[in-house]
Each structure stands twice: as structure tokens, then as C-alpha cells.
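In what follows, a structure is listed as C-alpha cells, so that the remarks can point back to it.
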Amino acid sequence: MQMNKKYGLTGTEELIMEILWNAQEPMTLKEIQDVALYEWDKGWKVQTLNTFLSGLQKMDLVEARREVSCNVYYAICTREQQMHKWTKKIVAEFYDNSIGKFVKLFIGEGRLSEKDADELRKLCE
């Protein structure tokens with residue numbers, strides 16, 4: 001697992017997901033291309049974008065629906081759901097599925113602030 005991925009996504013996957021997470025309704029390939037070009041100066045070719053959308057579908061993050069003349073794409077999970085899924089995967093793979101080990105390694109030699117300790121106590125209640 002590469003740690004340089006945000007939410008378990010490559011930079012391009014993350015940008016596409018940001019577009020879809022921010023969308024009010026499903027988007028066509030052309031609409032996704034336009035947002036990428038005008039907001040992030042990303043001139044993705046149709047084939048490139050199709051490849052990434054296909055990968056995101058295989059990751060169960062995006063679905064496509066056929067409309068009159070083209071497919072429309074939409075996120076099937078929220079950003080928070082993807083963050084949760086990714087965090088659980090990290091804890092499982094790197095910390096033997098132990099939140100205790102994760103917290104211990106997270107704080108290292110230091111100590112939790114009183115505020116953080118209170119938050120953890122409340123979560124455990």
C-alpha cells in the first residue's frame with residue numbers, strides 16, 4: 001500500500017472524485033473534462049478519463065448510468081466514507097487491526113493532549 005495516496009487514491013483519482021463529490025447531480029464525461037480543464041487546468045483526453053473512471057468503478061467509488069446519448073457518472077460514497085474505509089485499511093494492514101497500536105505509534109514518545117484524551121474517552125463510552 002502506498003502511503004503517498006490521499007484516501008487511497010492517486011492524484012488523478014482524487015481530482016476526479018473531488019469533481020464528483022462536489023457535483024449536485026451525475027455528470028457526463030464532457031462535464032467532468034470541462035471542470036478538470038477550467039478549475040485545475042487538466043486537459044484529460046477521453047480515453048484517459050475513461051480509464052480512470054473505469055478504475056474508480058472497480059473500486060466501488062463511482063457508478064455509471066446510461067442516459068439518452070451518453071453515460072453519466074456519480075460518486076456512490078461520500079468523501080468521509082472513503083476516508084473511513086482507507087483509515088480502517090491502514091489500521092488493519094500496518095497496525096495489526098489494533099487501534100491501541102495505532103494511537104501508541106501516532107503519539108510516539110509524546111503524550112496526548114488533555115483535549116485529545118477527552119475525545120478518546122468520549123468515543124469509548
Side-chain angles (χ1 to χ4, degrees):
M1 176 185 313
Q2 294 181 357
M3 292 302 292
N4 61 348
K5 293 182 173 186
K6 187 173 180 182
Y7 315 135
L9 305 172
T10 66
T12 301
E13 291 167 340
E14 180 190 353
L15 286 177
I16 294 167
M17 289 307 301
E18 287 296 335
I19 291 169
L20 295 174
W21 281 326
N22 292 325
Q24 300 299 313
E25 55 190 43
M27 299 178 73
T28 65
L29 193 84
K30 176 75 171 117
E31 290 170 331
I32 296 169
Q33 279 182 303
D34 288 347
V35 171
L37 181 61
Y38 298 120
E39 289 188 19
W40 291 308
D41 199 29
K42 300 289 184 184
W44 294 323
K45 294 182 180 177
V46 171
Q47 183 177 356
T48 301
L49 187 51
N50 265 327
T51 299
F52 279 104
L53 286 167
S54 178
L56 291 166
Q57 287 175 290
K58 289 177 185 171
M59 294 166 64
D60 292 324
L61 297 175
V62 170
E63 282 191 359
R65 180 177 71 233
R66 185 75 180 162
E67 296 216 337
V68 177
S69 62
C70 60
N71 285 338
V72 291
Y73 299 88
Y74 55 96
I76 57 174
C77 72
T78 65
R79 180 183 295 103
E80 291 74 21
Q81 288 169 328
Q82 178 59 17
M83 289 171 62
H84 177 76
K85 178 179 163 186
W86 178 242
T87 302
K88 285 185 70 127
K89 186 173 184 175
I90 288 172
V91 171
E93 290 187 24
F94 292 105
Y95 302 99
D96 298 324
N97 216 22
S98 167
I99 293 295
K101 285 182 183 180
F102 173 77
V103 171
K104 183 177 179 184
L105 289 168
F106 178 77
I107 61 173
E109 297 296 318
R111 295 183 49 87
L112 283 177
S113 70
E114 196 58 41
K115 179 183 174 189
D116 288 339
D118 285 342
E119 282 184 48
L120 279 174
R121 277 190 283 281
K122 288 177 184 173
L123 287 172
C124 292
E125 293 175 349

Verify the cluster assignment for [X] and [Y]: are they in a single hydrophobic cluster under the rule of side-chain heavy atoms below 4.5 Å apart?
X     : Y     : result
Ile16 : Leu29 : yes
Tyr73 : Met59 : yes
Met27 : Val72 : no

Q | Counterpart residues, ring-ring contact (aromatic ring centres under 6.0 Å, His included), relative to Phe102 (two or more places apart) | A |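 Partners of Phe102 by the ring-ring contact (aromatic ring centres under 6.0 Å, His included) criterion, ordered by chain and then number, come out as Tyr95.
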
Q. Linking Ile, Leu, Val, Met, Phe, Trp and Tyr through side-chain heavy atoms less than 4.5 Å apart, which residues share a cluster with Tyr74?
A.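 Members besides Tyr74, by chain and number: Ile76.
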
Heavy-atom check, side chain of [X] versus side chain of [Y], under 4.5 Å:
X      : Y     : value
Lys30  : Asp34 : yes
Lys101 : Val91 : no
Leu20  : Ile32 : yes
Leu61  : Glu13 : no

Review item, side-chain donor-acceptor pairs of residues 36-53, under 3.5 Å, at least two apart:
{"residue": "Thr51", "atom": "OG1", "partner": "Gln47", "partner atom": "O", "Å": "2.9"}

Q. Can you tell me if CD on Glu25 sees more than 12 non-hydrogen neighbours from other groups inside 6.0 Å?
A.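 Not more than 12 within 6.0 Å, no.
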
Q: Would you mind checking if Lys115 and Asp118 are paired as a salt bridge, meaning a charged N to carboxylate O distance below 4.0 Å?
A: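 Lys115 and Asp118: not salt-bridged.
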
Q) Is a salt bridge present between Arg79 and Glu14, judged by a nitrogen-to-oxygen distance below 4.0 Å? A)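 Looking at Glu14 together with Arg79, the answer is no, because their closest N to O distance does not fall below 4.0 Å.
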
Q. Roughly how far, to the nearest 0.5 Å, is OG of Ser113 from CD of Glu119?
A.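 Answer rounded to 0.5 Å: 7.5 Å.
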
**Q.** Distance in Å, Asp116 CG paired with Arg121 CZ, rounded so as to fall on 0.5 Å steps
**A.**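 Between Asp116 CG and Arg121 CZ, I get 10.5 Å after rounding to 0.5 Å.
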
Please list, chain by chain and in numerical order, all residues satisfying side-chain hydrogen bond (donor to acceptor under 3.5 Å, both in side chains) with [X], sequence neighbours excluded.
X      : answer
Glu67  : Arg65
Arg111 : none
Asp60  : none

